[in-house]
Amino acid sequence: MDEQFRILHPIKYYRDHINNHIRPDGRELNKFRPVLVNIGSINTSDGSALAKVGDTTVICGIKAELCSPKVESPDQGFLIPNVELPPLCSSKFKPGPPSEEAQVVTQLLADIVKNSKCFDLKQLCICHEKLVWCLFADLICISYDGSLMDACVIALMGALKSVQLPLVDYDPAIDNKLVNEEQKNFVNIQGIPICTTFSMFDKNILYDPTQEEENLSSCTFNVVLMEDKLCSVHKPGGTPISEQNLMECIEVSKQRTNTICELIDIALKKNKT
Amino acid sequence: MSRKKELISNIGLRLDGRRAGELRRIRCKLGVFSEPDGSAYIEQGLTKVLAAVYGPHQVRGGRSKAQHDSAIVNCQFSMAVFSTGERKRRPRGDRKSTEMSIHLHQALVAAIKVELYPWTQIDVYVEVLHADGGIYPACVNAATLALIDAGIPLKEYVCACTASLANDDIPMIDISHQEEVMGGPTLTVAALPMSKKVVLLEMSQRFHVDHLPKVLKTALQGCVDIKNILDVTVSNNVKEIGSSTRWGNMT
């Protein structure tokens, strides 16, 4: 009976659950799903990570290429995130050009990296005005079940932390590049921004919503924190929320940020050994 | 020619330490995700492939595509841009990916009992996460497992394997990327190993026609071996699911 009720009257189904302070997947309203991080699973890339938030799985591979910098920023390299939502991950997505959602997530991710200043693009410079590194961070969602941003940010930061760039000897006079594969250095990362997604269902706030919950809720928003600093709050419309609720969410994200940072560090150590 | 390194050393070992007739380690898992109707993950050596199956469902897009006597099988091959040594420009849509999608479709249609689902569509999505030679065989094997996981009736397993000819004489099985690059012809075979039928045969580069029977035989043997490995995984998976509903212990 349960399954039929869920399909025919999803909103009523959820409301009944939530009025009893429990969600259909057995979580309480203020509980997160387990997070899993694995770093360095793909050795064809220069840095890679797999992040799992509940059933949402994102894999990120970073490839480094040499290129020339932009004229207006001659001493900065590039970090280009690209999120892909293939039809494999959910029946929601159709084959074809990148969906609107994929583009939104890509842009959001680029903004987070830029605004949080967690990654200094100047370290990618090899020779002023001539040669810089370009890091292509490709994220593929292989299973989609809500809170996509959370998984994307964890995967991206995990992969970025494992990137090793070879030393390059560059002679601008004769345009000669010599890549020293033996000597590789990790890139510098100032901090790890962590994203936390919330959903609003009636008057209740659901932490770390699943896809079904995101679809039924009246608004979904995410909070990005780096250590104790707020990097971004993204709330694209929906029902308004009170300031008090928002502050509460930020406070919760703060605690979660620390645990996830630790998780990434542990995964990184495991990869190194 | 003298510059070309030997693919098999004089003690009979290949570059990665395998013997000529040895497959790379295969690890596979059914039902890795909950969202698709069927999903599977396979690792053949370092080649890692994910497959997901949706359907049979109503035909999407133009209804005119629907067929009154069979299901449409829609395959899409995609390769992560970071899966290869050089970064790929596009994960799909280039000629090689399109060709792969078509080949995959051809192999799968031979095994799926499409006539059971008129007016419907079955989507098979394959994603290569790590490419290290033998991409096509890994995709076919992953897709087969995903179809089984989705519960779509198959005539039998469809398996694929590659074979090559080393030192102009010895047939070798399951070619790695390193061996592909070093040269030597690659014969890709997709087969129905139980009825010993060949579904798809593709060869790159040339060798003498006299060698074909033995290379083909090696590849077909590979398909049978792979089928046996997949079979174990499938029966273990069924047992696992079965035991949760308490009928696994009935035998």
Inset, instruction - Look at atom NZ of B:K155 and say whether more than 12 heavy atoms of other residues, nucleotides or ligands are closer to it than 6.0 Å. - result: yes
Legend entry - Heavy-atom closest contact (A:C89 atom, B:Y54 atom, distance): C-OH, 3.5 Å
Legend entry - Toward chain B, the part of A:D46 with a non-hydrogen atom under 4.5 Å: neither
Legend entry - Residue B:K96 excluded, over 12 heavy atoms near NZ under 6.0 Å: no
Inset, instruction - To the nearest 0.5 Å, tell me how far B:Q76 CD sits from A:L88 CG. - result: 9.5 Å
Legend entry - B:E240 atom CD, neighbour heavy-atom count above 12 within 6.0 Å: no
Legend entry - Exceeds 12 heavy-atom contacts within 6.0 angstrom, atom CD of B:Q58: no
Inset, instruction - Using a cut-off of under 4.5 Å on heavy-atom pairs, state which of B:L50, B:D123, B:N74 scores highest against chain A. - result: B:L50
Inset, instruction - Measure A:S48 against the heavy atoms of chain B and call it side chain, backbone, both or neither at under 4.5 Å. - result: neither
Inset, instruction - Name the option with the most non-hydrogen atom pairs under 4.5 Å to chain B; the candidates are A:S91, A:P86, A:S45. - result: A:S91
Inset, instruction - Name the member of B:R87, B:R60, B:E35, B:E127 that forms the most heavy-atom pairs with chain A at distances under 4.5 Å. - result: B:R87
Legend entry - Flag if over 12 foreign heavy atoms under 6.0 Å of NE2, B:H177: no
Inset, instruction - Give the member of B:V126, B:V81, B:T84, B:L129 that has the highest number of heavy-atom pairs under 4.5 Å with chain A. - result: B:T84
Inset, instruction - Verify, without hydrogens or angle tests, whether A:K63 (side chain) and B:G85 (backbone) share a donor-acceptor contact under 3.5 angstrom. - result: yes
Legend entry - Heavy-atom proximity to chain B below 4.5 Å, by part of A:K94: side chain
Inset, instruction - Scan residues 145-166 of chain A for pairs that pass salt bridge (charged side-chain N to carboxylate O under 4.0 Å, His left out), counting only residues two or more places apart or in two chains. - result: A:R33-A:D145, A:D150-A:R256, A:K161-A:D265
Inset, instruction - For residues B:S78 and A:E84, report the shortest heavy-atom separation together with the two atoms involved. - result: OG-OE2, 4.3 Å
Legend entry - A:T44 side-chain N/O to B:F82 backbone N/O, donor-acceptor pair under 3.5 Å: yes
Inset, instruction - Sort A:I142 into side chain, backbone, both or neither according to what part of it lies under 4.5 angstrom from a heavy atom of chain B. - result: both
Inset, instruction - Return the minimal non-hydrogen interatomic distance between A:F136 and B:R89, and the atom names on each side. - result: CZ-NH1, 4.5 Å
Inset, instruction - Check the surroundings of atom NZ in A:K70: do more than 12 heavy atoms from other residues, nucleotides or ligands lie under 6.0 Å from it? - result: no
Inset, instruction - Heavy atoms only, distances under 4.5 angstrom: which of A:P95, A:S41, A:G61 has the most pairs with chain B? Name it, please. - result: A:G61
